[in-house]
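Worth knowing before you read on, the calculation uses all heavy atoms, side chains too, and leaves out hydrogens, waters and symmetry mates. All values reported here derive from a predicted model rather than from experimental measurement. Proteins come first, then strands; the chains are lettered A, B, ... in the order of their sequence lines, and each starts at number 1.
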Amino acid sequence: MVSTLPPLSLLPPSPSFSQILQAHAQLVYLGLATSRAAIGHLLAACAISSAPPLSYIHSVYRQIERPNVFAANNLLRCLARGQSPRQTLVFYSAMRISGVPTNNYTFPFLLQACSREPSISEGAQVHTQVVKFGFCEDLYVRNGLISFYSTCGLLAESRKVFDHCPERRDVVSWNSMLAGYVRSSEIEVAEKLFDRMPEKDVISWSTMIMGYVQNGVLEKGIDLFKEMVGRGMAVNEATLVTVLSASAQLGLLEYGSFVHSIIKDSRFPMTMALGTALVDMYAKCGRIELSRHAFAEMPKRDAFAWNALICGLATHGQGREALELFHEFISEGLRPTSVTFVGVLNACSRSGLLDEGRHHFNAMVKDYGIKPEMEHYGCMVDLLGRAGLIPEALELIQGMSISPDPVLWGTLLGACKTYGFVDLGILVGKRLIELEPGHDGHYILLASIYAKARRWEDVVEVRRLMSIQGTNKVAGWSLIEAGGKLHKFLASGWAHMDSSKIYKTIEIIEQRLAEAGYLPNISPVLHDIEDEEKMQVIKAHSERLAIAYGFMVIGQGSPIRVVKNLRVCPDCHDFSKKVSKVFGREIIVRDGSRFHYFKDGACSCHDYW
DNA sequence: GTAGGGTTAG
C-alpha cells in the first residue's frame, strides 16, 4: 500500500541513499517524477544526505523539462558539497546559458564551492556576479563571501565585507571571520574578536578552541574548553575531537580519559572522527592497549582510524603488531594512504624490520601508486641507518625526487655517529650547519662526531662556532600531569612553586643511586665544560625535574609518566633506567618521537632511539 | 530550500 502523505515529508533529517530512492519511487508512482517542485525537494534531500552519487543527482535533474531556480539551486547545493566542487561553477554557467534565473539562494552555494576547491579567481568572479545581481545586502550571501575570503586566506577582503555593514551581521558572520584569523594563525586577533562577539554559540567556542590547539597553544585550548563546560554550554563532536587532540599532543592521560568519560556519560554517538581521536589520544598518552580497545569499539572504521592505530603501535615500538594490523586493513579492502605507509615504515624502522621495510617501501610505489614523501624517506633512512647500511641510505637520499630536508640529513648523521662513519658524518654535519646555521642541535651532533674521533680541537672549534651562530635553540621542556593539573618544567627552571623541594629530591635520588653503586655518566660532547659544571647542567634537565616531581606527587604504585618535546638525552636515558631499577618504579617517557618504558633498569627502546 | 567549526604523520 502506498502512503497518501506527500512522500518527501517522510524523509528523516539526513536520509540515506536507499531512503531517497524509495521516495523517488513514490514520486514516480504518484506521477510527480517530472514536477519541478517535487524534484527540487528530492534534490534538497540529496544535498543533506552524503551518499547519492552525482550521476544519480544529474539524472534526476534532467527529468525536469523546464527547470526552475529552486531545482537548479538544489543541484548546485549537491555539487558544492560533492567530491568535485568545481562542477558547481560548470553547472552554473550551463544554467545561466539555458536561461534559468538566479536568486539570493544561488550565491551561497557557489561561494561554498569556491571555498572548498579552493579557487580565488572563480570566487572573485562570483563576487562580481553578486554585485551585478544586487545581492550585496543579503545576509547569507555576505556570510558566504566572508567565509570564502577567510578560507582562501584573504583576510583583508573578508574583513571588508564583514565591516561593510555592521548591522547586517549575525553569529555566522562573526564565526566565519573568526575562522579566517584562526586559519591564518592570527591567534591574537582571533582572541580579540572572540572576546568582542555579541553572541557566541557552540561553533564560536569550538573554533576558538581549535584555533589554540592547531596553533600549538594547547594549554589555552584546554582551559577554554574547561570554561565552556563550566558555563554549562553544550559541547559537540568537533569540540570533543579538538580537545582530545590537544590532550593527545600534550600527553594528558587524565584529561583525555576525563573527556572520554564525558562522551560515555552523555551517550554521545561514537562517530569515526571521535573514535579516531580517542585511538590517537590513548596511543599518544602511552596507553596503547586502551587505544586498541577504543579502535575495537568503533562501529565503523575508515582509513583515518586504521592509520591512527598503526602509527600508534609504531611509536610504541610494536612493529610486528603494526604490520599485522596493516595486513588486516588491506584484507578489509580499504585503500592505504600515504600516512598509512608513514606508520608502516615507521613500524619497520622502530623494530628493525629491514626486509619488511624495503618491501613495503617498494610496494607503496609499485602497487599503490603513492609517491614517496619526505616522511617515507625519513623512515627508510632511519631503517637503513640503524642497520648500519649507511651507503645504501646515502644512495637513497641521492636518488630522491625531492630535495632532502635537514631532518633527513640529521637522521643520516645520527647513524654515521652510531656506526663510526666519521668522514661522512663530518661532511653531513657541515652541510647541515650550512643549511640551518641557527640550529644548535646540528653543532652538537657534529661536535659529538668529532668527539667520537677524539678530535678535541675540532670539538672546541664547533662549540665556539655554535656560541657565535647558534640562536634558535629550542628550549627543552618536560611535563607531568598530577592532581588534575599540568606541571611544566624547563631545564634549570625555578618556576614551579615546589622547586626547592624538587631539587632536594633530585639530590636524594642521586644519593640513592650512588649508594647502589651507580656513578653518573657524562657524555663526551660536553668536553669543554668543567666536570663540576657539567654535573649541574645535567642534573637540571627538565626531564629530571619532572621525574623528581613525579616521585613527590604520584602514588607509589603508579608509573611516572613524563612528556617532553625534545629527544631524551643519553644521560637522562641512563638516569631513568637506573632509577627504575633502584627504586623499583616504572617510568614512561614520551619524547619528541617515541615512547620509552623504563622498567627494572632497561628501556623498551633497547637503547636505540 | 541558503552560510560557519573537527581526526591520522619522522
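Across B:dT2, B:dG6, B:dA9, the shortest atom-to-atom separation from the side chain of A:K284 is found for B:dA9. Comparing B:dA3, B:dA9, B:dG6 against the side chain of A:N143 picks out B:dA3 as the nearest. Of the candidate nucleotides B:dA3, B:dG10, B:dG6, B:dA3 has the atom lying nearest to any side-chain atom of A:D170. Closest to the A:F109 side chain, of the nucleotides B:dT2, B:dG6, B:dA9, is B:dT2.
The aromatic ring of A:F70 is not stacked on the base of B:dG1, since the criterion of ring centres less than 5.5 Å apart with planes inclined by under 30° is not met.
Among the atoms of the strands shown, none is found under 4.0 Å from any heavy atom of A:R142. A:D405 comes within 4.0 angstrom of a nucleotide base, judged by non-hydrogen atoms across all strands. Across all strands shown, A:Q249 has no heavy atoms under 4.0 Å from either base or sugar-phosphate atoms. Among the atoms of the strands shown, none is found under 4.0 Å from any heavy atom of A:Y377. Within 4.0 Å of A:D201, counting heavy atoms only, lies at least one base atom of the nucleic acid. Base contact: A:N73 has a heavy atom under 4.0 Å from a base atom. Counting any heavy atom pair closer than 4.0 Å across all strands shown, A:L408 reaches a base atom. Among the atoms of the strands shown, base atoms are found under 4.0 Å from some heavy atom of A:V241. A:R169 comes within 4.0 angstrom of nothing in the nucleic acid, heavy atoms only. Counting non-hydrogen atoms under 4.0 angstrom, A:T207 reaches the backbone sugars and phosphates but no base. At a threshold of 4.0 angstrom between heavy atoms, the contacts of A:R567 with the nucleic acid are absent.
Checked for salt-bridge contact, A:D138 and A:R142 miss the test: no charged N lies under 4.0 Å from a carboxylate O. Salt bridge annotation for A:R358-A:E392: present, with a cationic side-chain nitrogen under 4.0 angstrom from a carboxylate oxygen.
For the side chain to side chain donor-acceptor pair (under 3.5 Å) test, no residue two or more places apart in sequence or in another chain qualifies with A:Q63. Among residues two or more places apart in sequence or in another chain, the side chain to side chain donor-acceptor pair (under 3.5 Å) test is passed with A:R159 by A:D163, A:Y181.
Between A:F225 and A:Y255, the ring-plane angle classifies as perpendicular under the 30° and 60° cut-offs.
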